[in-house]
*Asks:* 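Dropping a structure here in structure tokens format, bear with me for questions.
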Amino acid sequence: MPSEHELIQQRLEKRERLLRLADPYPARVQRTHTALEALGVFEAAGGVDNAVTVTVVGRVTAQRVMGKAAFLDLRDGSGRIQLHFRRDVLPDYDNLDLVDLGDFLEVSGSVFRTRTGEVTVAVTSWRVITKALRPLPEKWHGLTDTEARYRQRYLDLIANERSREVARARSIIVSAVRQFFLNRGFLEVETPVLQEHAGGAAARPFTTHHNALDRDLFLRISLELHLKRLLVGGFEKVFEIGRVFRNEGVSYRHNPEFTLLESYEAYADYHDVAAMVEELLGFVAVQAHGTTEFHHGEVELSLKAPFARTTYHGALLEHTGIDYRQYPTTEALREVARSRNVPVADGASWATILDALMSTFVEPKLIQPTFIFDYPTALSPLAKKKVDDEDTVERFELFALGYEIANAYSELNDPVDQRERMEAQSAKQTEGDEEAEVADEDFLVAIEHGMPPAGGLGIGMDRLVQLIMGEHSLREVILFPTMRDRGDE
RNA sequence: GGGCCCGUAGCUCAGCGGCCAGAGCAGUGGACUUUUAAUCCAUCGGUCCUCGGUUCGAAUCCGAGCGGGCCCA
């Protein structure tokens, strides 16, 4: 782009001229106050002009030059402060010609209030501490192009307060979740990302290769099987917040890498976990918003316990009139799906079809947090069966705003049952179901040594941030979402 | 998977068959010592996403592709 090229050339020339005066990229800078603190000490000193002197640093976001004086806006991590430069006090005033929007300055001076009322630094000395070579987005409209916001997030963060707010909220939410589990005596652990078998969930893994070992490895798709090994090892409460990878499409709902929380608590069951999840969401909401009741646009959301509770069978029956127990075969269920215009792939299993019915007719209706208990065994190869019902497992999922937030089981710890179900999944994979679980012999050997009864939980952290912040797209809560190649350049 | 919308200057956008593609901001030059979307004058800046087609003539119409967004089952 010739025009952009010209803008960069002009700035490169200014950089050269600055280099002749002083290094415009110094390693060390002075700073006595942030912008916010500078405003604060001025007020604390009684709002008297020139009573306090500060040195502040930050990025120039606006310039209003009037011949022999100039006002610049300086922004740092705390906020914004105005600077006043005067030719009669600054021998190097003319060097302001070398300053562009986007450059970083270090400035010293006394603080005063202008006649229009703005607290401002009367600059007595200044220097460039970073010369920028490319122009920033426009000051008034900012950066609105969604694609550019995702591909060049740094520009989005410079231009859009909301993006900064979401990023900060994410940090608060993740740290609140961590604090919640630490407070309850859970041990935070880290388990392998590179694995021999990518198990613990139904998803296609990414494959990679270890050269020295000359062996293919997979990026993990869940945290489950290693955390359970730690239960075998004797830790009673463990959790991990980690990145997992699923080799699926990219959209506003899916990113190939996302952040998962999983926790396991020995001697607890899924009802204990449900109670804990209610507390957890309430805690996180209070940390982020100061309250469990908040709204996103029209939607009033309450994360105050207790949440609504229903069952898988009951919810599907209520919203569709379908009693899935009457359709025990794949063919019968496929016919039901067809009659409701739910598209079903040719090779789809009974469980997959059932899941399609749930996601189509039930999940989108669950706006307030709602627990769905007791899933079909066929959907849940790692959960313990109900005592009185072979076909149902002790599992719940929590939904809110129409999507899944949490997934929990009374964990299957009968090694014989676990082996049978893993081998059944394995057989499905051999038949071509690429999302079926693979048998992990090492894991099976581990639980054959005895894994205590336990309640396990998984929460998609990105979804949780969406829920708390009311963001529609996953790409708004992931700083650097995966994007397709643009194909040019 | 289906439908709709968008892609024009660094940024935000207009132009929707007809002189040479425009505006604001940013940039450059000038005026201006309390401005704050500063103001005023002048000026530079384009692969109109890509490829193909229709036409005397295409940013504009048609087709395909690429990228992005929204909606639906």
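By convention in this document, chain letters (A, B, ...) are assigned in the order of the sequence lines, proteins followed by strands, and residues within each chain are numbered from 1. Hydrogens, waters and symmetry mates are skipped; everything else that's a heavy atom, side chains included, is used.
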*Asks:* Find every protein N or O atom lying less than 3.5 Å from an N or O atom of nucleotides 5-7 of chain B, and list the pairs.
*Replies:*
none

*Asks:* Can you list the residues that meet the side chain to side chain donor-acceptor pair (under 3.5 Å) rule with Ser125(A), with sequence neighbours excluded?
*Replies:* none
*Asks:* Taking only residues two or more places apart in sequence, or in another chain, which ones meet Asp94(A) in a side chain to side chain donor-acceptor pair (under 3.5 Å)?
*Replies:* Arg87(A)
*Asks:* Can you list everything that forms a side chain to side chain donor-acceptor pair (under 3.5 Å) with Thr392(A)? Sequence neighbours excluded, please.
*Replies:* Asp389(A)
*Asks:* So, using side-chain contact (heavy atoms from CB on, under 4.5 Å) as the criterion, who are the partners of Arg59(A) when residues are at least two apart?
*Replies:* Phe104(A), Leu136(A), Ile158(A)
*Asks:* Would you tabulate the pairs of protein nitrogen or oxygen atoms and nucleotide nitrogen or oxygen atoms of nucleotides 12-15 of chain B closer than 3.5 angstrom?
*Replies:*
from   : atom 1 : to        : atom 2 : distance (Å)
U12(B) : OP1    : Thr144(A) : N      : 3.1
U12(B) : OP1    : Asp145(A) : N      : 3.0
U12(B) : O3'    : Thr144(A) : OG1    : 3.3

*Asks:* List every contact pair, protein side and nucleotides 28-34 of chain B side both N or O, where the distance is under 3.5 Å.
*Replies:*
from   : atom 1 : to        : atom 2 : distance (Å)
U28(B) : OP1    : Lys14(A)  : NZ     : 2.4
C32(B) : N3     : Gly67(A)  : N      : 3.0
C32(B) : N4     : Gly67(A)  : N      : 3.1
U33(B) : N3     : Asp88(A)  : OD2    : 3.3
U33(B) : O4     : Asp88(A)  : OD2    : 3.4
U34(B) : O2'    : Arg115(A) : NE     : 2.2
U34(B) : O2'    : Arg115(A) : NH1    : 3.2
U34(B) : O2'    : Arg115(A) : NH2    : 3.1
U34(B) : O2     : Arg115(A) : N      : 2.9

*Asks:* Report the residues that fulfil side-chain contact (heavy atoms from CB on, under 4.5 Å) with Gln30(A), sequence neighbours left out, ordered by chain and then residue number.
*Replies:* Thr55(A), Glu106(A)
*Asks:* With Ala356(A), which residues qualify under side-chain contact (heavy atoms from CB on, under 4.5 Å), at least two apart?
*Replies:* Val342(A)
*Asks:* Short of 4.0 Å, heavy atom to strand atom, which residues of residues 120-129 of chain A count as contacting RNA chain B?
*Replies:* none
*Asks:* List in chain and number order the residues that pass salt bridge (Lys or Arg N to Asp or Glu O under 4.0 Å) with Arg340(A), two or more places apart in sequence or in another chain; answer none if no residue qualifies.
*Replies:* none
*Asks:* Of all residues at least two apart in sequence or in a different chain, which pass the side-chain contact (heavy atoms from CB on, under 4.5 Å) check with Arg168(A)?
*Replies:* Glu161(A), Arg164(A)
